[in-house]
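Beneath this line is the structure, given in structure tokens, with notes to follow.
In what follows, every chain begins at residue 1, and chains take the letters A, B, ... in the order their sequences are listed.
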2 protein chains.
Amino acid sequence: MKNLFLFNVNSIARDVPQHRACYPDSVCARLRIVTTKKTGKGAARSVRMGPKPVSLKELAEHLGLSPATVSLVINRSHVADSIPQETKDRIFAAAGKYKYRPNFFARSLRAQRSFTIGVIVPEVSDGYSASVMSGVEDYLLQEGYFYFVVSHRHRADLIDEYPRLFLERSVDGLIAVDTPWTLSLSVPVVTVSGHNQVKGVTNIVLDHVQAAEVALKHLFQLGHRQIAFIKGQEFSSDTEVRWANIERAARQLGLSISRALVSQLQGDSPSPELGYEATKKLLASHKPFTALFAFNDISAMGAIRALREAKLRVPDDVSVVGFDDIQSAAYQNPALTTVRQPLREMGRIAAETLLRRIRRSGSDSHGGETMVEPKLIIRETTCQATNGVRPKYRTLPKARP
Amino acid sequence: MKNLFLFNVNSIARDVPQHRACYPDSVCARLRIVTTKKTGKGAARSVRMGPKPVSLKELAEHLGLSPATVSLVINRSHVADSIPQETKDRIFAAAGKYKYRPNFFARSLRAQRSFTIGVIVPEVSDGYSASVMSGVEDYLLQEGYFYFVVSHRHRADLIDEYPRLFLERSVDGLIAVDTPWTLSLSVPVVTVSGHNQVKGVTNIVLDHVQAAEVALKHLFQLGHRQIAFIKGQEFSSDTEVRWANIERAARQLGLSISRALVSQLQGDSPSPELGYEATKKLLASHKPFTALFAFNDISAMGAIRALREAKLRVPDDVSVVGFDDIQSAAYQNPALTTVRQPLREMGRIAAETLLRRIRRSGSDSHGGETMVEPKLIIRETTCQATNGVRPKYRTLPKARP
DNA sequence: ATGCTCTACTAACCCGATTTAGTAGCTAGT
DNA sequence: ACTAGCTACTAAATCGGGTTAGTAGAGCAT
């Protein structure tokens, strides 16, 4: 059963970021299990967290002890081993009563650690970044870390400036999502979906060999032999690998890729429009195709629009496969068949890896890659190739989100 | 022309969060205008921000001055007015040379301000929250603030716990997006799309009167008289107002709303599935309708699926109007007609309002509301009502994203 | 010689917690 | 009687920067 608590009570005090290990279990429980009572609508609960939190010194004074003692007890330091249980109890009781919470800045200042990490993404509001963030958040919060996010929006100056700002804020580490990475920093860095060779940077990447294979094999088995492709933008860190592996997989299957059936996304910010334009170009070549493999889901959506405009039905006339499986892929009508990147999981793994590196910092400088498996999600935009014979109208099956 | 710099050089030192006002313009420029040189692929730029940043004390020592002097000069304090320009120049030069950056924690510890705000949303990866965040980010970063995000996922305990954690981290203020809010905190709070009467909390809300009017009028003018509705979940802060205003607008237009044509979303996390189920119920009533107004875009997508399964064409047989205009609304085939909430703008306004309140903190405790205007985005899921006569096949027009 | 004003600084404390080195007081052992 | 060892603490330094009250020294006037 999953732990209901946000934080792990049993962590060693030293590695627990906040004041999470500060209290005996009884107090912890009181502090953390919050029962939300329904109060009359609009009636502010009068929690009103006081404007003057107690400090360690005040608490110590109140107890007739020195700040040192209180601090040692509260942090479960071994130096405090000799202090009798009775005193400890008194301290915890007072801490609970006065809702003592160590000042975060003072702590970080001393510890030289912020228990905060920086996340840089192309744009928080695109589904791709957001899904990864969701996974990152999951793990980080559970471990008591918080994170800053920034969107670089593909501006080279920001890609350079933001890490700098992060460092000023003393983040303990960085996660870069789908961002070209060339910096070597003084804190651990993990990239998601980058293909960087920067020393000491760990990459979380998809197994692109498998991704290409699984998608092409699916189309191949459905009888598709004339397959069109939309490549990613030049700047995207994935474009190259993805394409190389598609060529590889095609060779293995004995499929030949026609030049005329390869198009490329043009333009900075992701939008179906780019896929729409790319598909227009494909159609303009007048070379027939029965399937289309798009660089990502967003462009696949635009592609479908272009195909419909050309009076081609999807999937009856042209099957379409996307890439990523962003949330709205399942929401499409027809729902998009796509190669799923386990984005949330990738975010989670990134956070996990980063914290591991932060915790045993110093000893490791190993970069390297962690691969995750893609998964073909077959929905409604692919079907048997018809080779010109139009199949009869198919009722759309229920979506499998 | 928009300021290229992230931060405003001319702010008064006191209100500038980071070390932004710390340098004479020449140094500022050097620090901020970053020219990104293309280096060989994979070659780490050796910026390697050193692991030991200089401290104020070291800098002072190096200059043969006291830390106090350096601090005063760097912060452009009036106490430093009498210090000769020559000394000041020396200080700035050294600061630039050794890349001195004040330690963030030390500063915050002293100033009791973190230049960080907390944002709480239902889920970072849903399009609604993400769009608002994007606007929040825009403004905050420009002002040198950073932000923490957390997703409460509609868990009451987290909605209660996270603000607490934020306060421990000494955030200067909070933004709550689409989150039921009952707490009264010691820092300014701004909610987006909440309808709370908590004292001292500012709400950024949509003009729901207009929203309902504009949507219903549109359908009315297209000749729709039998309109079905999908209401939001019980817990959603918008459900009630939205529905009240729909009834109001209907009355004004002389439209009667049939009980059988009102359905409600059931279920926690937003997904088209909920809209699908709600629509199934509507269809089960066997009461005919020519248009459907959904609670949000996500549910509209599910509704469209349900309609198609029932062999009803959208928009030919049934027009559908969504709400929100999340990104993927424009990506749908057919693209969704919807009432746009200017989410990004709302985020921006929220951030602006919050910072204003933080800056003149103390003097204001005014809650209140700021209204923003909805806008009807007519795309492809609405058309003239046919009253049983099926119109001929329409070519889908090009999307207007 | 004394007082006054001004310039150009600085000493010293503050923010709040952590941590090391140490101490006072007691008991036990030889 | 003296030391060793233990218990139960604490003093004081430290992290890095902000701030207030104040001072040394020069210049000038009386």
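Within the 3.5 Å criterion, the main-chain N or O of I117(B) finds no donor-acceptor partner in the side chain of D172(B). A donor-acceptor contact shorter than 3.5 Å links the side chain of T179(B) to the backbone of V177(B).
When rounded to the nearest whole Å, the span between CZ of R113(A) and P of dT19(C) equals 11 Å. Rounding to whole angstrom units, CG of residue D81(B) and P of dC9(C) are separated by 14 Å. Following rounding to the nearest Å, R90(A) (CZ) and dA8(D) (C1') show an atom-to-atom distance of 12 Å. Going from atom CD1 of I83(B) over to atom P of dC6(C) covers 18 Å, rounded to whole Å. In this structure, L72(B) atom CG and dA11(C) atom P are separated by 13 Å, rounded to whole Å. If you measure from atom NE2 of H78(B) to atom P of dA21(D), you get 17 Å, rounded to the nearest angstrom. Remark: C1' of dT7(D) and CD of Q85(A) are 15 Å apart, rounded to the nearest angstrom. Separating the CZ atom of R107(A) from the P atom of dC15(C) is a distance of 19 Å, rounded to the nearest angstrom.
The number of heavy-atom neighbours closer than 6.0 Å to CD of E86(B), taken from other residues, nucleotides and ligands shown, is 12 or below. Within a 6.0 Å radius of CD in E61(B), no more than 12 heavy atoms belonging to other residues, nucleotides or ligands are found.
Residue S55(A) is classed as a sugar-phosphate contact, given heavy-atom separations below 4.0 Å to backbone atoms only. Here S108(A) lies out of heavy-atom contact (under 4.0 Å) with every strand. The residue L65(B) sits close only to the backbone: its heavy atoms come under 4.0 Å of sugar-phosphate atoms, none of a base.
Between the side chain of S82(A) and the base of dA8(D), at least one donor-acceptor pair of N or O atoms lies under 3.5 Å.
Each of I204(A), V201(A), V198(A) was scored for a side-chain contact (heavy atoms from CB on, under 4.5 Å) with T191(A), with one residue passing: V201(A).
Rounded to 10°, the angle separating the first-five-pair axis and the last-five-pair axis of the helix from dA1(C)-dT30(D) to dT30(C)-dA1(D) equals 90°.
Remark: Y100(A) is not in phosphate contact with dG16(C), judged by side-chain N or O atoms under 4.0 Å from OP1 or OP2. In terms of phosphate contacts, T87(B) brings no side-chain nitrogen or oxygen within less than 4.0 Å of OP1 or OP2 of dA8(C). For T69(A), a side-chain nitrogen or oxygen approaches OP1 or OP2 of dT10(D) to under 4.0 Å. N75(B) has a side-chain polar atom (N or O) that falls below the 4.0 Å cut-off from OP1 or OP2 of dG18(D).
Residues P188(A) and L354(A) approach most closely at O-CD1, 3.5 Å, considering heavy atoms.
In this structure, L56(A) and V79(B) both approach DNA chain C, and ranking their closest nucleotides by distance from the 5' end singles out V79(B).
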Quick one: do Q142(A) and D138(A) satisfy side chain to side chain donor-acceptor pair (under 3.5 Å)? Show the steps, please. CA-CA 6 Å; Q142(A) 177 189 60; D138(A) 245 21; over 6 Å; no

Test side chain to side chain donor-acceptor pair (under 3.5 Å) applied to T202(A) and R357(A), step by step: CA-CA 10 Å; T202(A) 314; R357(A) 290 193 49 193; 2.8 Å; yes

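Side-chain contact, R153(A) with S134(B): a donor N or O sits under 3.5 Å from an acceptor N or O.
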At a cut-off of 3.5 Å, list every protein nitrogen or oxygen paired with a nitrogen or oxygen from nucleotides 11-15 of chain D, distance to 0.1 Å.
unit_1, atom_1, unit_2, atom_2, d
dT14(D), O2, R110(A), NH1, 2.8
dC15(D), O3', Q112(A), NE2, 3.3

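Ring centroid separation for the pair F166(A) and F146(B) comes in under the 6.0 Å cut-off.
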